[in-house]
There are 2 protein chains.
Amino acid sequence: MTRARTRPRKSPSQPRSERTVEAIVEATARILETQGLSGFNTNAVADKAGVSVGSLYQYFPNKDALVVALSTRERALLGVALGEAARQAASLPLEGALRRLAHTAIHRQLARPDLARVLDFEEQRLVLEEPDRALTRDIAGNVATLLRRYRAVIQVADLEAAAYDLIAIARALIDAAVLRGQVEPVALEGRVTRAALGYLTGRANVAS
Amino acid sequence: MTRARTRPRKSPSQPRSERTVEAIVEATARILETQGLSGFNTNAVADKAGVSVGSLYQYFPNKDALVVALSTRERALLGVALGEAARQAASLPLEGALRRLAHTAIHRQLARPDLARVLDFEEQRLVLEEPDRALTRDIAGNVATLLRRYRAVIQVADLEAAAYDLIAIARALIDAAVLRGQVEPVALEGRVTRAALGYLTGRANVAS
DNA sequence: ACCTGAACACCGTTCAAGT
DNA sequence: ACCTGAACACCGTTCAAGT
C-alpha cells in the first residue's frame, strides 16, 4: 500500500490547457453535486468537461486527485473567508468570535450544500487512507491562532488539538443539518457556537 | 438509481450455514480492521471466511450488505450498553448523565478503535446514499428519551434533532481522537461532555 | 505539446455446473 | 440445499497512434 500521489501530474502552462484543467475540476463539482458519489466516474467527468479520459489523466494522476483539486479550491475559499472573519473577530469576546467563525463556515457550506457535504465526506475518506494529507491544516492553524488570544478563559490546554476538534464539531453539525434539511442559518449558528463554547470553557471535568 | 437492498438475502436456517454467515461477517470486520477500506473486497472476505464468492452472494446481495450486517451487529452492542447507561443515569443531573453516556460510547468505540472508525465512516457513506437507512435511529430514540427528563434545563426545543446532533458530535470527537492517537479516555470523555452540555444548555443565542 | 479512445486490469456480481 | 469458480460487466488507468 504505497502512497498514491494526488498532486496534479503537471501544471498547465498554456492558456488552453489551463481551461481544460478548470473544466475538469468544475465538471467534478457538478457531477458530485447532482449525481453524488455513485455517478462520479472518470469517464463521466471527462465527458462533462468535453475531453477524453486520456486528457484527464494527463493532468490528474488518478480519480482521487480530482477530489483533492476540487477540495483544495473550496477549502481555499473557506480559508480566506475564515481568515477575514478571524481578523474581524479579534476584538470580540470569545463567544462572539466563535459565533462569527460559525457564521462564516455555515455561510460558505450552505452556498453549495450538497457539494459541501460530499466533499466533507471525501476529505474524511482521504484522511482515513492517508492521515498526513489533511486539507484542513491551514484552517486549523488559523483557528488555533485565534484561540490563543482567549487562553485566559479557555479550560483546554492543547489548542492545536482543540482547533481540529472544533472544526470536526462544526462540520458534523452542519452536515447533520443539511441531511435533515434544517438549515435555518441562525439556529444552526447557535448550535455550533454553544457546542464550541461548551467544549472550550465548560466546567465539566477538565483534563486536556 | 433505484434503492439497492442491503438486507441479508436469506437467513441461514441450518447450523452450518449460520456459521458460514457468522464467518463472513467476522472476516469483514477483520479485513476492515487490518487492511482498511482499500483491502476490503468481496474475494478477500470470501477467502478469509473460507468460502467462495458465490457462497457469500447467497447470503448477502452485495458488498454494502456486508458492512450493514457488521454495523448492525456493532450498533446493537453499543445500543445495549447505552440503554443500560441511560437507565443508571436517570437519577443523575444532566451533566452526570451526559458524562455517563459519553463514557459508555467511548469505551465501546475504543474496544476496536480502528474498526469503529472505519464503520463510522462507512455508515456515513450509506446515509449519504440512502438517508432513511440510518443505523443510529434506535440509539437516537433512546438518547432523546433520556433528554426529555431534563427538558427544564435544556435550551433546545427539538430533542429528536438534538439527539442526532449529540451523536454526531460524540462520533466526530471520538474519531478525531483516534486519528490523533489522543485516546486518553478521561480527557476525551471531558471534551465530549463539555461540548454536549454546551450544546444543550449554553446561553449562546438560542433559537431551536 | 496535447489529444484520442481502444485495450488492459481489477473487482463486484452472476450463473451454469457440481454435490 | 448449498457450494464452486469461471465468465461477464463496469470502471480506473495506460498507451500506441494521431495532430
Side-chain angles (χ1 to χ4, degrees), chain A residues 1-25 27-28 31-32 35-70 122 125-126 129-130, chain B residues 1-25 27-28 31-32 35-70 122 125-126 129-130:
Chain A
M1 232 174 284
T2 76
R3 176 139 317 169
R5 48 177 52 271
T6 51
R7 289 284 173 84
R9 194 187 284 274
K10 79 183 188 190
S11 315
S13 41
Q14 305 199 359
R16 175 166 59 129
S17 49
E18 202 162 329
R19 262 182 285 114
T20 300
V21 167
E22 171 55 28
I24 291 170
V25 173
T28 301
I31 285 176
L32 284 177
Q35 328 250 17
L37 283 174
S38 64
F40 174 44
N41 65 63
T42 53
N43 277 288
V45 170
D47 271 12
K48 176 147 282 186
V51 297
S52 71
V53 240
S55 287
L56 186 156
Y57 276 91
Q58 205 170 355
Y59 298 104
F60 299 92
N62 53 49
K63 194 183 172 188
D64 279 356
L66 297 171
V67 175
V68 170
L70 177 58
E122 283 290 275
R125 182 175 61 79
L126 295 174
E129 287 177 358
E130 300 199 29
Chain B
M1 233 174 283
T2 74
R3 175 139 320 170
R5 51 175 52 267
T6 51
R7 290 285 172 86
R9 194 188 285 273
K10 80 182 188 192
S11 315
S13 41
Q14 306 198 356
R16 176 165 60 130
S17 48
E18 202 163 326
R19 261 182 285 116
T20 299
V21 168
E22 170 56 27
I24 291 169
V25 174
T28 301
I31 285 176
L32 285 176
Q35 329 250 18
L37 283 175
S38 64
F40 174 43
N41 66 62
T42 52
N43 278 288
V45 171
D47 270 12
K48 176 146 282 187
V51 297
S52 72
V53 240
S55 287
L56 186 157
Y57 275 90
Q58 205 168 356
Y59 298 104
F60 298 93
N62 53 49
K63 194 184 171 186
D64 278 356
L66 297 172
V67 175
V68 170
L70 177 58
E122 282 291 275
R125 182 174 61 80
L126 295 174
E129 287 178 359
E130 300 197 32

(Q) Set out, in order, the CA-CA distance, both residues' side-chain angles and the distance that settles salt bridge (Lys or Arg N to Asp or Glu O under 4.0 Å) for A:E122 and A:R125, then state yes or no. (A) CA-CA 5 Å; A:E122 283 290 275; A:R125 182 175 61 79; 2.7 Å; yes

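- Between the P atom of D:dT13 and the CD atom of A:Q58 lies a distance of 16 Å, rounded to the nearest Å.
- B:S52 has no side-chain polar atom (N or O) that falls below the 4.0 Å cut-off from OP1 or OP2 of D:dC3.
- The OH-C1' distance, from A:Y57 to C:dA9, rounds to 12 Å in whole Å.
- Taking the nucleotide of DNA chain D with the nearest heavy atom to each of A:N43 and B:V51, the more 5' of the two is matched to B:V51.
- Distance, B:N62 CG to C:dC11 C1': 14 Å, rounded to whole Å.
- Contact annotation: B:T20 side-chain N/O to D:dC3 OP1/OP2 distance is under 4.0 Å.
- One finds the CG atom of B:L56 at 5.0 Å from the CG atom of B:L66 (value rounded to the nearest 0.5 Å).
- Atom pair B:L66:CG and C:dC11:P shows a separation of 16 Å (rounding to whole Å applied).
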Q. Would B:I24 and B:K48 count as a side chain to side chain contact (heavy atoms under 4.5 Å, CB included) if you check the C-alpha gap in whole Å, the side-chain angles of each, and the deciding distance to 0.1 Å?
A. CA-CA 8 Å; B:I24 291 169; B:K48 176 146 282 187; over 6 Å; no

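- Computed from coordinates, the B:Y59 OH to C:dT13 C1' distance equals 17 Å when rounded to whole Å.
- Comparing A:T42 and A:G54 by the nucleotide of DNA chain D that holds the closest heavy atom to each, the one mapping nearer the 5' end is A:T42.
- The two atoms that bring A:A65 and A:F60 nearest to each other are O-CD2, 3.9 Å, heavy atoms only.
- Spacing between atom CG of B:L37 and atom C1' of C:dG12 amounts to 16 Å, rounded to whole angstrom units.
- For the pair B:N41 CG and D:dC10 C1', the interatomic distance rounds to 15 Å; values are reported in whole Å.
- A cation-pi arrangement is present between B:K63 and B:F40 under the rule of less than 6.0 angstrom and at most 45 degrees off the ring axis.
- Remark: D:dA16 base-pairs with C:dT4; criterion is Watson-Crick or G-U wobble with both hydrogen-bond distances under 3.5 Å.
- Taking atom CZ on B:F40 and atom C1' on C:dC10, their separation rounds to 16 Å, with Å as the unit.
- Base pairing of D:dC11 is not made with any nucleotide, judged by Watson-Crick or G-U wobble geometry with both donor-acceptor distances under 3.5 Å.
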